[in-house]
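This report concerns only the one structure given below.
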Amino acid sequence: MFGADTTLFGAIQAVPSFVNRFCVGDYGTAAECGLADCDAQLRSNPLCAGLSDGEACCATVRANNDDWVNIFLMMGNFLLYFGAAWGALLLGPFIAERWGRRLPIFIGCIIAILGCVFQAYLNFGSKEVFLTARFVLGFGAGTALCILPMYNAEVAVPQWRGVTGGLFQFFVVCSGFTAVFLTKFITNYQIILMIPAFAAIIPAVGVFTIPESPRFVMQKHGYEK
């Protein structure tokens with residue numbers, strides 16, 4: 001889910017339905033947001049002084065749409081990582097040391113799914129709600145992802161521990177690639193924003209089909225159990 005969203009948020013910025021929903025009207029015209037051909041009004045922008053080529057003028061104006069690029073998009077990306085850091089520092093370790101490794105993975109996935117639902121369907125037309133949902137998504141992902149490598153190391157036999165640890169990162173990258181690939185065929189930004197939630201369902205359900213970490217069981221109940 002984390003790998004999917006970190007790449008998705010870059011790809012979705014080129015999806016017209018997303019740009020139309022969050023940029024047009026709030027951060028500029030359709031032309032300034034990159035959804036329409038350059039018009040005379042755009043070419044008269046002071047940023048285009050000295051530029052004779054219309055397309056170069058448009059590219060300059062759109063790249064300097066500071067509120068859209070440097071506030072909304074930057075904050076949407078930053079809050080995901082910021083939330084992930086706090087989830088990994090606070091909630092994940094707190095639960096894992098008290099109630100086992102599986103529970104924080106499940107809880108983190110549920111929080112991430114809720115974040116996806118709010119950013120995609122329940123933002124109520126509010127940029128603030130959308131950005132808060134980005135933080136919630138990151139918080140949930142961080143909660144789960146800080147425990148997954150720990151669980152992996154504690155259940156894998158020594159000769160396979162390095163391989164399974166490498167596969168964890170491999171699948172993070174694969175999820176990002178798959179998510180971006182899907183944006184080539186999906187035009188609805190809400191469905192795209194839900195892709196990390198679909199990915200989170202797999203560990204949320206699957207975690208209860210695997211045993212608890214033997215290291216945690218020995219810490220809490222002794223070697224005999």
Side-chain angles (χ1 to χ4, degrees), residues 1-15 18-19 69 73-93 96 101-102 104-120 130-131 133-210 213:
M1 53 188 159
F2 189 71
D5 195 82
T6 52
T7 53
L8 263 185
F9 199 67
I12 202 173
Q13 295 169 26
V15 175
F18 176 80
V19 177
V69 175
L73 293 181
M74 184 192 73
M75 288 301 296
N77 197 41
F78 165 77
L79 286 170
L80 176 79
Y81 289 95
F82 187 65
W86 283 108
L89 287 171
L90 298 179
L91 188 58
R101 316 305 192 222
R102 296 184 301 174
I105 295 172
F106 173 76
I107 291 175
C109 290
I110 296 301
I111 294 173
I113 291 170
L114 289 175
C116 287
V117 171
F118 274 88
Q119 72 174 357
F130 177 86
L131 293 175
R134 295 289 299 165
F135 175 86
V136 172
L137 168 56
F139 189 88
T143 299
L145 290 179
C146 76
I147 303 303
L148 280 165
M150 178 194 301
Y151 177 83
N152 174 80
E154 291 176 353
V155 298
V157 295
Q159 59 266 37
W160 287 101
R161 195 165 295 154
V163 174
T164 56
L167 285 173
F168 173 81
Q169 184 60 39
F170 173 77
F171 284 116
V172 169
V173 175
C174 284
S175 67
F177 170 79
T178 303
V180 172
F181 179 76
L182 290 174
T183 62
K184 297 296 183 181
F185 306 98
I186 303 172
T187 57
N188 186 317
Y189 81 90
Q190 293 173 308
I191 296 176
I192 293 174
L193 289 173
M194 285 297 295
I195 290 176
F198 302 145
I201 291 173
I202 299 173
V205 174
V207 74
F208 292 108
T209 66
I210 54 180
S213 160

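One-based numbering along the sequence shown.
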Which pair of heavy atoms, one from [X] and one from [Y], lies closest together, and at what distance?
X    : Y    : answer
P196 : D5   : CG-OD1, 3.5 Å
I147 : G92  : CD1-O, 3.6 Å
T209 : V205 : CG2-O, 4.1 Å
T183 : A11  : OG1-CB, 4.0 Å
L89  : P93  : O-CG, 3.9 Å
I12  : Y189 : CD1-O, 3.9 Å

Please work out which of the three classes, parallel, tilted or perpendicular, describes the rings of F18 and F130, given edges at 30° and 60°.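 F130 and F18: tilted rings.
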Measure up the F177 and F181 rings against each other and bin them: parallel (under 30°), tilted (30 to 60°), perpendicular (over 60°). parallel
Could you list the residues that satisfy ring-ring contact (aromatic ring centres under 6.0 Å, His included) with F168, not counting sequence neighbours? none
Restricting to salt bridge (Lys or Arg N to Asp or Glu O under 4.0 Å), what partner residues turn up for R101, sequence neighbours left out? E97, E154
Quick check: do F139 and T143 have side-chain heavy atoms less than 4.5 Å from each other?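 Yes. Closest side-chain heavy atoms under 4.5 Å.
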Side chains of I210 and Y151 in contact at under 4.5 Å (non-hydrogen atoms): yes
Gap separating the CG atom of L182 from the CD1 atom of I192, nearest 0.5 angstrom: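 Going from CG on L182 over to CD1 on I192, the span is 9.0 Å.
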Pairwise distance CZ(F171) to CG(L167) - rounded to 0.5 angstrom: 5.5 Å
Determine whether a donor-acceptor pair (N or O, by modelled atom type, separation under 3.5 Å) exists between the side chain of Q169 and the backbone of G165. no
Could you list the donor-acceptor pairs under 3.5 angstrom formed between side-chain atoms of residues 105-120 and any protein atom two or more places apart in sequence or on another chain?
| residue | atom | partner | partner atom | Å |
| --- | --- | --- | --- | --- |
| Q119 | OE1 | R134 | NH1 | 3.2 |
| Q119 | NE2 | L193 | O | 3.1 |

